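All remarks here apply to the structure that follows.
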Amino acid sequence: MSGIAGILNLDGSPVDGRLLARMTEYLGFRGRDGQGMHAVGNVGFGHTLLKVVEDCAADEQPFTLDGRSWIVADARIDARHDLVAALLARDQRPGAAAADAELILRAYCTWGEDCVAHLVGDFTFAIWDGPERRLFCARDHLGVKPFFYAQPGRTIVFSNTLDCVRLHPAVSRELNDQAVADFLLFGANQQHDTTTFRDIRRLPPAHCISWSLETARQRRYWTLPVEEPISFKRAADYTERFHELLRASVSDRLRTTRAGVLMSGGLDSPTLAAVAVNLMRERSSTFALRAITSVYDRLIPHAERHYAGLVAKHLEIPIHYDVRDDETSIADWDRVAVHTPEPVDNPAAFVAGAEFFGKMSAQGRVFLYGEGPDNALRYEWRPYLSHLVAARRFGALLRALSSDLVMHPRVPLWSLAREAAGARSSERRWRAEFPRWLNEEFVRTCGCLERWEEGRRAPSSTHPVRPVGYAGFSTSVWPSLFEDCDIHGALAGAEIRHPFLDVRLLQYLLALPAMPWCRNKLIIRRAMKTMLPREVLRRKKTSARVSPDLARVAAAGLPRLRPVPALSRYVNAREVPSAVTSVVELRAVLRPLGLNFWLQDLSEN
């Protein structure tokens, strides 16, 4: 986790050193272990360092190999051995403990802009190529690391922090109405390349962009591949390959002896904890791995405390229970003082998250988060069987049906029918209505009804076997999750990492035969058979029946809406409900309240 910023004046005018210093100092919350700047002529870079890696040389940036080309990066490069071997074969000589920024710059010196095809990991970076007079920037495959930029006139301003870009006086404060509309309709911007500010853009995931004095070019360098289902001879081969990839993913994210696992009582995060503790015990007899479990003991009593405790006891690691019953209520927004780069629907929850990670970061600066398998292992049995029939692979069809029957003890047709009925019921329960409190003129000029209909369509793709799971990774859910994790981690001086979303592992999970391996996450349950308690492995997926936020609202009510003048452009404040009875209604009504909160903060800063 580091802060990066830069300015390039395409007209050749010198960079304002005081402005660059101000931008760099602003990023101090991202990097508490050092600051650096380099400016020459019309280009300048700033960097703040947070050390989260213990087996690597100090990552002092901006970094150069020859004094002509420079890099600033917030990056964790994985599969380092493979990359170093490829660089050595091309006469590059990275040291054994080369920092990630050095590896990226050497890759650029070797392959030019195609260097991104050789990088694995989570990264965002900018390289000034002095000989070519070119600025080259890139963002990782799934967009775990953010990259924001603006181009006011003949100037390029960039950072991995939106508010840092706003420090440039030429960047407008004008808002992007389409992004505001998406927030009010869906809770998140649906466009991967825009922000809530008109002048500031995001570099989308898996994209790179370059500017020279005369041209600008942006391109997508990677797309999640569409692959045929994997076919191994032995059932054990599937779990062995899964375990191999997961182990590599966790290992790449644990170049430290102190870490935490954000652990529920389910299956995914305990799996990360089990793999992590085995790796750390192999490396050292002295390590600190802690499980961290959020629980509600009064608002919504749940079994998370019990099951998470079983895992921690089995793995012989300490566990911290974060009891969240007494967090600031939604009704008490007036007592919350917080600035967020873009609007959020629950400022009180944002503050609680920042406080939580701030307390936990005293135990270590790396946290593992278990998101991913719910989407990547979606049980899409119909398209899988249809694919086998269309390909006339009747032997594979018979094996799929028989293995699903053998490995899952419940009667197939009955359980599948029940699951389908449950999915339909859930879809009806979570279906929201178009918000009637939107300003009518805003609805017309911004095309809100059209955006609403488009956004309500279920994600789909042309993937022949895993259409829904595959399409799910291109939705706005992931950028929103990553940026939320990024800012919370930055505020706490820590980094939240996502091992299940390693591109190597993700590609494997999406290529698994849906029958039997995706049903009830069988691939994980089989791989963890000897590593997790039986009670946890046999537990069915459950979710809390009551939302803690809804419970708080039922007890204390919604916050009072005191509209600021700017809200009227978007919302008819008198039409916003003052009470709700369901989670769907609560989610919808929090958005105008959250936008009003943010607009007020914006007017004061």
Side-chain angles (χ1 to χ4, degrees), residues 225-247 249 266-272 274-275 370 372-424 426 461 463-473 500 504-542:
V226 175
E227 298 175 320
E228 280 287 313
I230 296 166
S231 179
F232 291 140
K233 291 183 178 180
R234 301 183 308 130
D237 292 338
Y238 291 95
T239 54
E240 289 173 6
R241 180 58 175 160
F242 167 77
H243 193 269
E244 175 188 342
L245 289 169
L246 180 58
R247 184 180 167 89
S249 173
L267 181 65
D268 303 340
S269 49
T271 293
L272 296 182
V275 174
D374 285 349
N375 299 79
L377 293 176
R378 188 182 180 94
Y379 185 47
E380 299 183 71
W381 61 275
R382 287 188 181 90
Y384 178 58
L385 294 182
S386 298
H387 175 74
L388 295 179
V389 170
R392 305 182 66 82
R393 296 178 56 192
F394 299 115
L397 176 65
L398 180 61
R399 287 192 297 274
L401 292 170
S402 60
S403 62
D404 206 65
L405 177 62
V406 169
M407 294 187 186
H408 299 281
R410 290 176 293 173
V411 179
L413 293 179
W414 168 246
S415 61
L416 291 177
R418 187 170 60 182
E419 289 167 9
R424 289 193 294 270
S426 177
S461 71
H463 197 292
V465 183
R466 305 287 294 282
V468 178
Y470 183 89
F473 285 98
F500 282 118
R504 299 163 295 182
L505 178 57
L506 181 58
Q507 288 177 211
Y508 177 74
L509 295 179
L510 288 172
L512 279 172
M515 300 176 73
W517 298 109
C518 296
R519 186 176 176 187
N520 204 24
K521 298 180 184 175
L522 179 66
I523 187 69
I524 300 180
R525 297 180 192 277
R526 285 292 182 94
M528 294 293 109
K529 190 174 182 180
T530 62
M531 299 176 68
L532 290 175
R534 180 177 298 182
E535 191 174 351
V536 172
L537 290 170
R538 291 183 173 180
R539 186 189 184 196
K540 297 178 183 178
K541 183 174 178 61
T542 59

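Residue numbers count from 1 along this sequence. All values reported here derive from a predicted model rather than from experimental measurement.
Arg466 places a side-chain N or O within 3.5 Å of a backbone atom of Ala376 that can act as its donor or acceptor partner. Glu380 places a side-chain N or O within donor-acceptor distance of the main-chain N or O of Val468, the cut-off being under 3.5 Å. No donor-acceptor pair closer than 3.5 Å links the side chain of Arg504 to the backbone N or O of Leu245.
The heavy-atom pair separating Met528 from Ala274 by the smallest distance is SD-CB, 4.3 Å. In terms of heavy-atom proximity, Tyr508 sits nearest to Phe232 at OH-CE1, 3.9 Å. A pairwise comparison of heavy atoms in Asp268 and Gly370 identifies CB-O, 3.6 Å as the closest pair. Closest approach of Ala527 to His243, counting heavy atoms only: O-CD2, 4.5 Å. Here the closest non-hydrogen pair linking Arg525 and Arg538 is NH1-N, 4.3 Å. Across all their heavy atoms, Pro225 and Tyr470 have their closest contact at O-CE1, 3.4 Å.
Between Pro464 and Val226 the shortest side-chain heavy-atom distance falls below 4.5 Å. With a 4.5 Å cut-off on side-chain heavy atoms, Pro513 and Tyr384 count as touching.
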For this session: Start with the C-alpha distance between Leu272 and Leu246, add both sets of side-chain angles, then the distance that settles side-chain contact (heavy atoms from CB on, under 4.5 Å), and finish with yes or no.
Result: CA-CA 8 Å; Leu272 296 182; Leu246 180 58; 3.9 Å; yes

For this session: Evaluate side-chain contact (heavy atoms from CB on, under 4.5 Å) for Leu385 paired with Leu401, printing each intermediate quantity in order.
Result: CA-CA 9 Å; Leu385 294 182; Leu401 292 170; 4.1 Å; yes

Problem set entry | Residue pair Arg539, Val536: steps toward the side-chain contact (heavy atoms from CB on, under 4.5 Å) verdict | CA-CA 5 Å; Arg539 186 189 184 196; Val536 172; 5.5 Å; no

For this session: Show your reasoning for whether salt bridge (Lys or Arg N to Asp or Glu O under 4.0 Å) applies to Arg241 and Glu244.
Result: CA-CA 5 Å; Arg241 180 58 175 160; Glu244 175 188 342; 2.8 Å; yes

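Rounded to the nearest 0.5 Å, atoms CD (Glu227) and CG (Leu512) are 11.0 Å apart. A distance of 9.5 Å separates CD1 in Ile524 from SG in Cys518, rounded to the nearest 0.5 Å. Note that the OG1 atom of Thr239 and the CG atom of Asp237 stand 8.0 Å from one another [nearest 0.5 Å]. Annotation: the span from Leu377 atom CG to Phe242 atom CZ amounts to 7.5 Å, rounded to 0.5 Å. Between the CG atom of Leu522 and the CE atom of Met515 there is a distance of 11.5 Å, given to the nearest 0.5 Å. Atom OH of residue Tyr238 and atom CD1 of residue Ile523 lie 9.0 Å apart, to the nearest 0.5 angstrom.
Side-chain contact, Asp404 with Tyr379: a donor N or O sits under 3.5 Å from an acceptor N or O.
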